[in-house]
Amino acid sequence: MLNLVLFGPPGAGKGTQSAKIKEKYNLIHLSTGDLLRSEIAAGTALGLEAKKLMDNGQLVPDEVVIGMIDNKVKANQDAAGFIFDGFPRTVAQAEALDVLLEKNGTAVSGMVALEVDEEELTQRILERGKTSGRSDDQDVNLIRNRVQEYESKTAPVADHYKGQNKYKSVAGVGAIEEIFDSLCAAIDTL
Ligand code: ADP
């Protein structure tokens, strides 16, 4: 199996690139942000709890997202592999992912990180906010909270994969196709 962790701060382009990677490598795209937004749209108890945190730019509890990913991995045992987008976002999530993949007889193939500076990220998210309907994309303070959560809790996840010799990074600025080509070059070395 090819199990990719697509990494990078909010607005780095993970969703856009995931759609292209999924097609090319025939993978299942698992975005915890999308899964949580589906729960909110369906009005579930989990969604209601998650919404309060997401509306403040804070992370939802590890157990919640780990449970969602565990269900999806179990339900897709015949897949060629997965793209994990927006997950793992904490070191505890990364450790849990290692365990749950091992239980399913597989492992993370590698993490590929998209590098984009904060100024560009803020501009992209505000631009996306004009059409995404996401309230967390429309307020500079909320975007700043998300970037802070990323720096304090999520950036250390890269070290988890560096320690396993599974980390690659790619410049996330430029044309979508160019970035995709760089990503594929990194993925093909895994
Ligand atoms: P972005 O990366 O652009 O901020 P996402 O759709 O990945 O957007 O995430 C939106 C929000 O959903 C996050 O700010 C956070 O509140 C919540 N979320 C998504 N994935 C996770 C996760 N793995 N752990 C905790 N919270 C998460």
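The shown structure was predicted, so the numbers you read here are calculated from the model rather than taken from an experiment. Counting convention: from 1, in listed order, for ligands and their atoms alike.
- Note: the hydrophobic cluster containing L46 also contains M54 (ILVMFWY, side chain heavy atoms under 4.5 Å, direct or indirect links).
- Every N/O-N/O distance between G57 and ligand 1 stays at or above 3.5 Å.
- Closest protein heavy atom to atom 10 (C) of ligand 1: R134 NH2, 3.5 Å.
- For the pair K162 and Y167, the cation sits on the ring face: its NZ or CZ lies under 6.0 Å from the ring centre, inside 45° of the axis.
- Minimum interatomic distance between F7 and K14 (heavy atoms only, all atoms of both residues): C-CD, 3.9 Å.
- Using modelled atom types and a 3.5 Å distance limit, the side chains of N145 and Q58 yield no donor-acceptor pair.
- In this structure, K52 has no heavy atom closer than 4.0 Å to ligand 1.
- Interface atoms of ligand 1 facing Q58, defined by a heavy-atom separation under 4.0 Å, are 15 (C), 16 (O).
- Residue contacts with ligand 1 for D85 are absent, since no atom lies close enough (heavy atoms, distance under 4.0 Å).
- Atoms of ligand 1 found under 4.0 Å from any heavy atom of P10, numbered from 1 in the order shown, are 1 (P), 2 (O), 3 (O), 4 (O).
- In this comparison of R89, K51, R146, the heavy atom closest to atom 2 (O) of ligand 1 sits on R89.
- Close approach of ligand 1 to K14 is summarised as follows: ligand atoms under 4.0 Å from at least one heavy atom of the residue are 2 (O).
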Check against side-chain contact (heavy atoms from CB on, under 4.5 Å), M111 and H160: CA-CA 10 Å; M111 163 181 272; H160 178 85; over 6 Å; no
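- Ligand 1 places these atoms under 4.0 Å from at least one heavy atom of T32: 19 (C), 20 (N), 21 (C), 22 (C), 23 (N).
- Of the protein's heavy atoms, L36 CD1, 3.5 Å lies nearest to atom 18 (N) of ligand 1.
- Taking a cut-off of under 4.0 Å to the non-hydrogen atoms of R128, the atoms of ligand 1 that pass are 3 (O).
- Residues V91 and V157 approach most closely at N-CG2, 3.7 Å, considering heavy atoms.
- Protein heavy atom nearest atom 11 (C) of ligand 1, with residue, atom name and distance: M54 CE, 3.7 Å.
- One finds a salt bridge joining E177 and K20 here, because a Lys/Arg side-chain nitrogen approaches an Asp/Glu carboxylate oxygen to under 4.0 Å.
- Under the 4.0 angstrom criterion for non-hydrogen atoms, V60 is in contact with ligand 1.
- For atom 24 (N) of ligand 1, the closest non-hydrogen atom on the protein side is Q93 NE2, 3.0 Å.
- At a 3.5 angstrom cut-off on N or O pairs, D34 does not count as close to ligand 1.
- The two residues D137 and I143 make their nearest non-hydrogen contact at O-CD1, 3.9 Å.
- Closest non-hydrogen pair, R89 versus T154, comes out as O-OG1, 2.8 Å.
- Side-chain polar atoms of D98 and Y161 form no donor-acceptor pair below 3.5 angstrom.
- Of the N or O atoms in G86, one or more lie within a sub-3.5 Å distance of an N or O in ligand 1.
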